[in-house]
Amino acid sequence: MALFNFRSKTAQAPAPAQGQMEAFLQGYSIEVMPRTAEKVEDFRTLLPTGTRVYIAHLDGTAIDEMVATARRLADEGFTAMPHFPARIIKDRATLTDWVARYRDVGVRQGLLLAGGVAQPVGDFHSSMQLLESGAFDGFDRLHVAGHPEGNKDIDPDGSDHMVIEAARWKSAFAERTDAQMAMATQFCFDAEPVIDWVNRLQTEGVKLPVHIGVAGPAKLQTLIKFAIACGVGPSLKVLQKRAMDVTKLLMPYEPTDVLEALAAHKARNPEFGIEQVHFFPLGGIKTNAQWVTEHGGAAGKPAKAA
């Protein structure tokens, strides 16, 4: 498989407190869907040059729309990383066709995941099958899904046994193929379970760097709805506790607290496994990008700064 090796990183001294957030947000990624991308006049007014933009492929979205979004992002100077949800890909021919179309517009990165549908429509049901297919030979980077608070679709008994086993398999795949990979996670709202999970991955021998999923600013009711639908675990209590505080109930949620805690932990522990932050802009990409611009210093400066 013609993929690049991971590059080792030299440990650095912790950044000053005021620079921790900027350092932690450096190289952040964000997610869009074709229909939300259409509402953005120019991504360069929102995002730093070269930002990795995941393109969510929901069941029913036409591949033509996905490819057009990828082409547009590339034309504006960003790195497109489309989703490849195994359970909505009919067969090997369909997968090969999708990959070829993306290659034609310069895409060389992909997020491989099982997908959010209960029953596969065809031959694939897991990201591991996609990895083994060989269809992505020559891609520069492949990301896979991570679940800091478990996933009941994978482990119905409430444990995380199968989730951890899958993580070990993906890590071993990266090692034996020299694939440049990372684990992009579901969003969480509390730093403590994230820190525990990342540390556990390391003790379990999982060497994939983590791109931690964080929900961008949004209405509290919106976040609770998405969190329940996506199976967010213990950190959902952070939102529920906030909902019980009348003074905060009508105020939009912002990810400041969780990111400050994770940034401080990373500064104290440079070898900690979180490599980057990945935003789910549940309150809108413009709102999310503005928050990063206001809190991320140079890390959040748009390509076309006002």
Is there side-chain contact between Ser29 and Met81, with at least one heavy-atom pair below 4.5 Å? no
Do the side chains of Gln180 and Leu142 get nearer than 4.5 Å, heavy atoms only? no
Lys266 (side chain) donor-acceptor with Ile274 (main chain) under 3.5 angstrom: yes
Going by the salt bridge (Lys or Arg N to Asp or Glu O under 4.0 Å) test, which pairs reach into residues 208-217, not counting sequence neighbours?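 Passing the test, one end in residues 208-217: no pairs.
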By salt bridge (charged side-chain N to carboxylate O under 4.0 Å, His left out) - contacts of Asp97 (at least two apart): Arg101
Identify the heavy atoms of Lys170 and Ser127 that sit nearest to each other, and give their distance.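 Where Lys170 meets Ser127 most closely, the heavy atoms are CE-OG, 3.3 Å.
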So for atom CD, which belongs to Gln276, do other residues, nucleotides or ligands contribute more than 12 heavy atoms lying within a distance under 6.0 Å? yes
Which word best sums up how the rings of His143 and His211 line up, parallel for under 30°, tilted for 30 to 60°, or perpendicular for over 60°? perpendicular
Distance in Å, Thr51 OG1 paired with Arg44 CZ, rounded so as to fall on 0.5 Å steps: 13.0 Å
Are Gln290 and Glu294 linked by a side-chain donor-acceptor pair shorter than 3.5 Å?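 Looking only at side-chain atoms, Glu294 and Gln290 do form a donor-acceptor pair, the distance falling under 3.5 Å.
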Between Asp91 and Thr94, do the side chains contain an N or O donor and an N or O acceptor separated by less than 3.5 Å?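 Result is yes, a qualifying pair exists.
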Taking the six-membered ring of Trp98 (Phe, Tyr or Trp), confirm whether the NZ or CZ of Arg92 is under 6.0 Å from its centre and within 45° of its axis. no
Do any side-chain atoms of residues 30-40 form donor-acceptor pairs under 3.5 angstrom with protein atoms, and if so which ones, sequence neighbours left out?
{"unit_1": "Glu31", "atom_1": "OE1", "unit_2": "His278", "atom_2": "NE2", "d": "3.2"}
{"unit_1": "Thr36", "atom_1": "OG1", "unit_2": "Met33", "atom_2": "N", "d": "2.9"}
{"unit_1": "Thr36", "atom_1": "OG1", "unit_2": "Met33", "atom_2": "O", "d": "2.8"}

Using residues 107-125 as the side-chain source, report each donor-acceptor pair under 3.5 Å to any protein atom, sequence neighbours left out, with the distance given to one decimal.
{"unit_1": "Arg108", "atom_1": "NH1", "unit_2": "Arg103", "atom_2": "O", "d": "3.2"}
{"unit_1": "Gln109", "atom_1": "OE1", "unit_2": "Arg52", "atom_2": "NE", "d": "2.7"}

Show the numbers, then the answer: is there a side-chain contact (heavy atoms from CB on, under 4.5 Å) between Ile164 and Leu201? CA-CA 8 Å; Ile164 293 295; Leu201 286 181; 4.1 Å; yes
Could you go step by step and tell me if Trp197 and His147 meet the ring-ring contact (aromatic ring centres under 6.0 Å, His included) rule? CA-CA 9 Å; Trp197 178 74; His147 306 280; 8.3 Å; no
With Pro255 via side chain to side chain contact (heavy atoms under 4.5 Å, CB included) - residues at least two apart: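 Here the qualifying residues are Val214, Pro217, Tyr253, Val258, Leu259, Phe279, Trp291.
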Strictly by ring-ring contact (aromatic ring centres under 6.0 Å, His included), give each pair with a member in residues 75-96 just once, sequence neighbours left out.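 Residue pairs with at least one partner in residues 75-96: Phe84-Tyr102, Phe84-Phe136.
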Determine whether Val144 and Leu131 satisfy the following criterion, side-chain contact (heavy atoms from CB on, under 4.5 Å), listing intermediate values before the conclusion. CA-CA 9 Å; Val144 292; Leu131 286 168; 4.1 Å; yes
